[in-house]
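Here is the naming used below: chain letters follow the sequence lines, and residue numbers restart at 1 for every chain.
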Amino acid sequence: MKDILKEIQIAAAEAVLKVYDQTVDPEEFLVTPTKKEHQGDYTLVTFAIAKTLRQPPPKIAVALGEYMAKARYWISGVEVVQGFLNISLADEYWSSLLNDMKASPDFWKPKQPKEKILVEFSSPNTNKPLHLGHIRNILLGWSTYKILQACGHEVYRVQIVNDRGIAICKSMLAWTKFSGGVTPDQAGVKSDHFVGDWYVRFEKEFQIEYKAWQQTAEANAIFEKRPDSEIDESAFYKSYKNKYFNDLSSLGKEARGLLLKWEANDPDTIALWKKMNGWVYAGFEETYQNLGVSFDKLYYESETYLLGKGIVEDGLNKKVFYQKEDGSVWVDLTDAGLDHKILLRSDGTSVYMTQDVGTAQMRYDEFGTGRMIYVVADEQNYHFQALFAIMAKVGAPYANGLHHLSYGMVDLPEGKMKSREGTVVDADDLMKTVIEEAAIAAEEREEVDQEVIRKIGMSALKYFIIKVDPRKRMTFDPKASVDMQGQTGPYIQNAYVRIQSIIRRAEDGGGSYEGYVVNDDEKTLLNMLGQIAHVIENAAKEYSPALVANYAFGLAKEYHRYYHEVQVLKAESEEAKNYRLALIEVIGDVLKNTMDLLGIEMPERM
RNA sequence: GGUCCCGUAGUUCAAUGGAUAGAAUAGAAGUUUCCUAAACUUUAGAUGCAGGUUCGAUUCCUGCCGGGACUACCA
């Protein structure tokens with residue numbers, strides 16, 4: 001299929017060569033779709049080239065336009081407005097465009113040199129169920145995977161599960177002490193929520209203990225000796241909580257004891273840990289299935305947390321790292337605009353960074369992926385800057401291919417989600433809610449198919465989140481997220497469904513549309529269809545599925561308008577009918593394909 | 001102290017340095033003998049402030065104001 005943007009650039013470069021006898025790179029020309037209020041389909045902007053040619057932009061536009069219109073059969077006319085050269089494309093171009101799309105069903109996919117790419121996303125802790133923040137993460141990760149795959153790459157999806165540490169030990173301890181051995185099945189609670197509930201229970205018990213302790217003479221003595229006497233009692237105890245947990249709390253001592261036993265491979269502790277994590281994984285799996293996502297490989301921190309030491313020692317030998325007198329190992333990242341960063345504690349144990357260094361290497365060894373993308377919230381921007389700088393320092397061959405897909409946190413209309421205040425929106429509850437809302441809306445329309453209702457509800461939720469530029473912090477309004485009108489998933493689904501409905505009713509089809517002359521609405525649609533590969537390519541380059549989401553909406557909107565403008569089955573001629581059937585079929589395919597890149601399914605009717 | 005991100009209609013989001021800053025929603029007014037009205041049409045409404053670079057700035061640079069995140073042998 002003709003890449004029209006490129007063709008125009010090439011023609012323009014050729015025109016410069018012929019008219020001004022100068023060689024320019026075609027890529028230098030800016031070509032954009034012409035604004036609606038002007039005559040033309042594409043616009044060549046000549047301001048940038050004016051300097052090299054030493055001519056006023058309008059003059060250049062006229063000269064280039066004159067040449068291009070003569071040299072290219074597919075240009076039917078040109079019009080110059082200031083420095084803008086508006087190009088109209090010939091009917092031959094428009095009719096061949098649809099033919100080309102029909103002939104190559106993969107026309108919507110960008111063609112790029114194949115790469116092996118790894119995408120890490122989700123990566124939850126095992127002490128709590130997934131929440132709204134994870135949903136944004138998962139949708140971004142999944143969509144990035146789909147988009148890169150559409151670009152022709154070989155993409156692997158992985159996550160690293162934080163299955164160890166003090167948090168899960170808290171759940172384990174609370175369950176042991178207070179549950180009487182009840183299982184999720186017996187309790188009738190989804191198993192990851194069940195484990196999360198025991199985590200909450202631990203925190204509750206700990207608070208009771210902490211509050212009681214605050215009344216003791218020991219607490220009072222500590223409070224009196226506080227360094228800053230301005231601080232009042234409640235603020236002090238808030239800041240002292242961690243220290244109390246580590247030094248004085250009996251529950252804290254028990255939880256840490258459990259962690260020590262875990263680290264010592266105590267069989268009973270390991271068995272309990274496996275049992276409870278098993279519950280969590282079963283719950284997660286259900287949530288992933290409902291979200292429609294899956295992974296190629298799961299990593300567990302319990303298996304990776306010791307990695308990286310070898311690389312650190314290696315770096316130490318090569319003098320890229322340095323050791324302090326106390327034995328701790330550091331890296332100086334000031335040349336990268338960062339600070340000094342610790343890699344091994346003075347007792348020789350790893351930190352988070354050490355593990356990430358090791359994990360990156362392990363994945364490279366395993367998958368041979370020269371590009372690795374980490375979908376992680378923007379609170380860890382600094383961490384990843386440091387990690388990538390370190391990988392560059394140790395000379396990892398894939399260091400340039402590391403990318404942090406950093407996304408903004410999800411807020412609620414009332415403000416930040418806070419687990420302590422119980423305002424965290426649970427992923428399972430949320431999915432249930434949107435599907436219920438879809439069911440209510442479907443009732444009026446007498447839609448009873450549960451599968452259709454599920455697809456509609458999920459599309460509302462997913463589209464609401466994925467349409468926002470990942471980098472930006474977003475506000476999640478639960479009421480707006482179940483909207484099905486306007487810029488929403490169901491609106492796009494509806495455009496698709498309308499198309500399918502027409503196609504179903506068209507008994508014949510595939511007939512000739514030879515000689516049919518497209519109208520302006522059809523040109524607009526064809527133009528949009530012709531841009532799809534660029535949009536996806538750009539979304540891949542920018543790591544922004546939102547670009548695909550906005551495109552899909554734009555196309556659906558244009559189609560809805562078209563739907564009101566013209567008749568397909570009762571078109572004015574047989575050619576018109578055949579043409580429109582062929583056109584809307586391609587539109588339907590593109591809508592379905594782009595929504596699939598976002599992880600959104602299309603119903604055939606709704 | 002250091003590093004980074006974000007400020008666009010009432011609200012939620014768009015806009016590779018390009019033409020008169022686009023949508024959606026909420027508000028107002030309309031459209032159904034017609035392929036699905038979850039639709040369409042019309043209407044009103046915005047670039048935090050002050051400079052600079054440029055033919056041209058929401059976009060790039062500087063300062064300020066406002067919001068957020070990170071960084072101090074935590075993950």
Enquirer: Between B:C6 and B:U25, how far apart are the two P atoms, rounded to whole Å?
Expert: 28 Å
Enquirer: Both distances under 3.5 Å, Watson-Crick or G-U wobble: report the partner of B:U59, or none.
Expert: none
Enquirer: Any side-chain to backbone donor/acceptor pair from A:Gln355 onto A:Thr304? Under 3.5 Å, distance only.
Expert: no
Enquirer: Determine the contact category for A:Ser346: base if any of its heavy atoms lies under 4.0 Å from a base atom, sugar-phosphate if only primed atoms, P, OP1 or OP2 are that close, otherwise nothing.
Expert: base
Enquirer: What verdict does the side chain to side chain contact (heavy atoms under 4.5 Å, CB included) test give for A:Leu333 and A:Lys393, after you've listed the backbone C-alpha separation in whole Å, the side-chain angles of each residue and the deciding distance to 0.1 Å?
Expert: CA-CA 9 Å; A:Leu333 298 173; A:Lys393 273 198 190 298; 3.8 Å; yes
Enquirer: Determine which nucleotide pairs with B:A72, using a 3.5 Å limit on both distances of a Watson-Crick or G-U wobble pair.
Expert: none
Enquirer: Just N and O in the side chain of A:Tyr491: are any of them under 4.0 Å from OP1 or OP2 of B:C40?
Expert: yes
Enquirer: In whole Å, I'd like the distance from the CD atom of A:Gln323 to the C1' atom of B:C73.
Expert: 13 Å
Enquirer: Given the C1' atoms of B:G56 and B:A75, what is the spacing between them in whole Å?
Expert: 48 Å
Enquirer: Please identify which of these residues, A:Asp163, A:Asn277, A:Asn162, meets the side chain to side chain donor-acceptor pair (under 3.5 Å) condition with A:Thr126.
Expert: A:Asn277
Enquirer: Can you see if the side chain of A:Lys557 gets near the phosphate of B:G22 - specifically, an N or O under 4.0 Å from OP1 or OP2?
Expert: no
Enquirer: Please work out if A:Ile456 contacts a base, only the sugar-phosphate, or nothing of the nucleic acid, heavy-atom cut-off 4.0 Å.
Expert: base
Enquirer: I want to check one thing: is the phosphate of B:C34, taken as OP1 and OP2, less than 4.0 Å away from some side-chain N or O of A:Arg505?
Expert: no
Enquirer: Please name the nucleotide paired to B:C64 by Watson-Crick or G-U wobble geometry with both distances under 3.5 Å, or report none.
Expert: B:G48
Enquirer: Got a sec? Which of residues 373-381 of chain A come in under 4.0 Å of RNA chain B, heavy atoms?
Expert: A:Asp378, A:Glu379
Enquirer: Between A:Tyr563 and B:A37, does any side-chain N or O lie under 4.0 Å from OP1 or OP2?
Expert: yes
Enquirer: Check whether NZ of the Lys or CZ of the Arg A:Lys170 lies under 6.0 Å from the centre of the six-membered ring of A:Phe245 and within 45 degrees of that ring's axis.
Expert: yes
Enquirer: Test side chain to side chain contact (heavy atoms under 4.5 Å, CB included) on A:His340 and A:Thr334; report intermediate values, then the result.
Expert: CA-CA 7 Å; A:His340 293 248; A:Thr334 47; 4.0 Å; yes
Enquirer: Classify the nucleic acid contact of A:Arg473 as base, sugar-phosphate or nothing, counting any heavy atom under 4.0 Å across all strands shown.
Expert: sugar-phosphate
Enquirer: Cation-pi between A:Arg136 and A:Tyr407: NZ/CZ under 6.0 Å from ring centre and within 45° of the ring axis?
Expert: no
Enquirer: Say you pick atom P in B:G63 and the same atom in B:U59; how far apart are they, in whole Å?
Expert: 16 Å
Enquirer: Students often get this wrong, so: under 4.0 angstrom with heavy atoms, is A:Glu542 touching a base, only sugar-phosphate, or nothing?
Expert: nothing
Enquirer: Are B:A19 and A:Phe84 stacked, with the base six-membered ring and the side-chain ring centres under 5.5 Å apart and planes under 30°?
Expert: yes
Enquirer: How far does the C1' atom of B:A9 sit from the matching atom of B:A14, given to the nearest Å?
Expert: 13 Å
Enquirer: Which residue lies toward the 5' end of RNA chain B, A:Thr43 or A:Ile502, if each is placed at its nearest nucleotide?
Expert: A:Thr43
Enquirer: Name the nucleic acid region contacted by A:Val329, choosing base, sugar-phosphate or nothing; use a 4.0 angstrom heavy-atom cut-off, strictly under.
Expert: nothing
Enquirer: Are any of A:Arg498's side-chain N or O atoms less than 4.0 Å away from OP1 or OP2 of B:A37?
Expert: yes
Enquirer: With both distances under 3.5 angstrom, what nucleotide forms a Watson-Crick or G-U wobble pair with B:A28?
Expert: B:U42
Enquirer: Which part of the nucleic acid, if any, lies within reach of A:Asn86 when heavy atoms closer than 4.0 Å are counted: base, sugar-phosphate only, or nothing?
Expert: base
Enquirer: Of the nucleotides B:A19, B:C70, B:A24, which one has an atom closest to the side chain of A:Gln487?
Expert: B:A24
Enquirer: With a 4.0 Å cut-off on heavy atoms, is A:Ala48 in touch with a base, just the backbone sugar-phosphate, or nothing at all?
Expert: base
Enquirer: Looking only at atom P, what distance separates B:G7 and B:U12, rounded to whole Å?
Expert: 13 Å
Enquirer: Going by modelled atom types, is there a donor-acceptor pair between the base of B:A24 and the side chain of A:Asn550 at under 3.5 Å?
Expert: no
Enquirer: Examine B:A21: is either OP1 or OP2 under 4.0 Å from a nitrogen or oxygen in the side chain of A:Lys35? Give yes or no.
Expert: no
Enquirer: Mind checking who B:U53 pairs with, Watson-Crick or G-U wobble, both distances under 3.5 Å?
Expert: none
Enquirer: Which part of the nucleic acid, if any, lies within reach of A:Gln567 when heavy atoms closer than 4.0 Å are counted: base, sugar-phosphate only, or nothing?
Expert: base
Enquirer: May I ask you to check whether A:His560 and A:Tyr491 place their ring centers less than 6.0 Å from one another?
Expert: yes
Enquirer: Run A:Lys577 and A:Glu572 through salt bridge (Lys or Arg N to Asp or Glu O under 4.0 Å) and show every step you take.
Expert: CA-CA 7 Å; A:Lys577 178 178 138 186; A:Glu572 60 273 19; over 6 Å; no
Enquirer: Measure the distance from CG on A:Asp469 to P on B:A14 and round it to the nearest whole Å.
Expert: 5 Å
Enquirer: Indicate yes or no for a side-chain donor-acceptor contact from A:Asn246 to the backbone of A:Asn242 under 3.5 Å, with no hydrogens or angles considered.
Expert: yes
Enquirer: When all nucleic acid strands are considered with a 4.0 Å heavy-atom cut-off, which category describes A:Asp411: base, sugar-phosphate, or nothing?
Expert: nothing
Enquirer: Please tell me whether A:Phe464 and A:Phe476 form a close aromatic pair, meaning their ring centres lie under 6.0 Å apart.
Expert: yes
Enquirer: Taking B:U58 as the reference, what is the distance to B:U8 when you measure between their C1' atoms (whole Å, please)?
Expert: 7 Å
Enquirer: Rounding to an integer number of angstrom, what distance separates B:G66 and B:G48 when you compare their C1' atoms?
Expert: 7 Å
Enquirer: May I ask you to verify whether the side chain of A:Thr488 and the base of B:A24 hold a donor-acceptor pair under 3.5 Å?
Expert: no
Enquirer: Just checking A:Val351: base, sugar-phosphate only, or nothing, at a heavy-atom cut-off of under 4.0 Å?
Expert: sugar-phosphate
Enquirer: Think A:Lys341 forms a cation-pi with A:Trp330, using NZ or CZ under 6.0 Å from the six-ring centre and within 45 degrees of its axis?
Expert: no
Enquirer: Which base, if any, makes a Watson-Crick or G-U wobble pair with B:A21, both distances under 3.5 Å?
Expert: none
Enquirer: Using the C1' atom on both, measure B:C60 against B:G18 and round to a whole Å.
Expert: 15 Å
Enquirer: Categorize A:Val497 for me: base, sugar-phosphate, or nothing, with a 4.0 angstrom heavy-atom threshold over every strand shown.
Expert: base
Enquirer: So what does A:Lys324 hit on the nucleic acid, given a heavy-atom distance under 4.0 Å: a base, only sugar-phosphate, or nothing?
Expert: nothing
Enquirer: With a non-hydrogen cut-off below 4.0 angstrom, is A:Phe464 in contact with a base, only sugar-phosphate, or nothing?
Expert: nothing
Enquirer: Which is true for A:Thr32 with a 4.0 Å heavy-atom rule: it touches a base, it touches only sugar-phosphate, or it touches nothing?
Expert: base
Enquirer: A:Phe476 or A:Thr46: which one's nearest nucleotide on RNA chain B is closer to the 5' end?
Expert: A:Phe476
